[in-house]
Amino acid sequence: GGKATFSGFADLWSEKAWWGDRHLVFLSEPQLWYNVNKNISFGTEVEMSSNFIYPACETSKSFYINPTIAAKFTF
């Protein structure tokens, strides 16, 4: 009945860091939405990344999972 929507993306690539090492980078942001009606939706996004962006002080941790909640209004 169109009450749920699953969307998002997943990317995987290789790059050479400024210090010379080559590594794989993974970035994904799957989304799950509950559509109250055609204009209002509530949902979640789980941001997952490996070797993407991390604080310089935390170089030992390279995989992050950041869950979020969201609400959207479509015009």
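In this chain, residues are counted from 1 in sequence order.
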**Request:** List in chain and number order the residues that pass side-chain contact (heavy atoms from CB on, under 4.5 Å) with Ser28, two or more places apart in sequence or in another chain; answer none if no residue qualifies.
**Result:** Ala10, Phe26, Pro30, Met48

**Atom pair CD/OG1 of Glu29 and Thr68 - distance to nearest 0.5 Å** = 8.5 Å

**Prompt:** Measuring from Leu32:CG to Glu45:CD, what's the distance to the nearest 0.5 Å?
**Reply:** 11.5 Å

**Complete:** dist Ser49:OG -> Asp11:CG (nearest 0.5 Å) comes out at 12.0 Å

**Message:** Is the shortest side-chain heavy-atom distance between Ile65 and Val46 below 4.5 Å?
**Reply:** yes

**Request:** Tell me whether Val36 is reachable from Phe73 by hopping between hydrophobic residues (I, L, V, M, F, W, Y) whose side-chain heavy atoms are closer than 4.5 Å.
**Result:** yes

**Complete:** Members sharing Trp33's hydrophobic cluster, built from side-chain contacts under 4.5 Å between Ile, Leu, Val, Met, Phe, Trp and Tyr, are none

**Fill in**
Nearest heavy-atom approach of Asn51 to Leu24 is ND2-O, 2.9 Å

**Request:** Please name all residues satisfying side-chain hydrogen bond (donor to acceptor under 3.5 Å, both in side chains) with Glu47, sequence neighbours left out, ordered by chain then number.
**Result:** none

**Request:** Identify, with sequence neighbours excluded, every residue that meets side-chain hydrogen bond (donor to acceptor under 3.5 Å, both in side chains) alongside Ser41.
**Result:** Asn35

**Message:** Connecting only ILVMFWY residues whose side-chain heavy atoms lie within less than 4.5 Å of each other, what is the rest of Ile69's hydrophobic cluster?
**Reply:** none

**Message:** Any side-chain to backbone donor/acceptor pair from Lys3 onto Tyr34? Under 3.5 Å, distance only.
**Reply:** no

**Message:** Once side-chain hydrogen bond (donor to acceptor under 3.5 Å, both in side chains) is applied, do any residues pair with Ser14, and if so which ones, sequence neighbours excluded?
**Reply:** Arg22

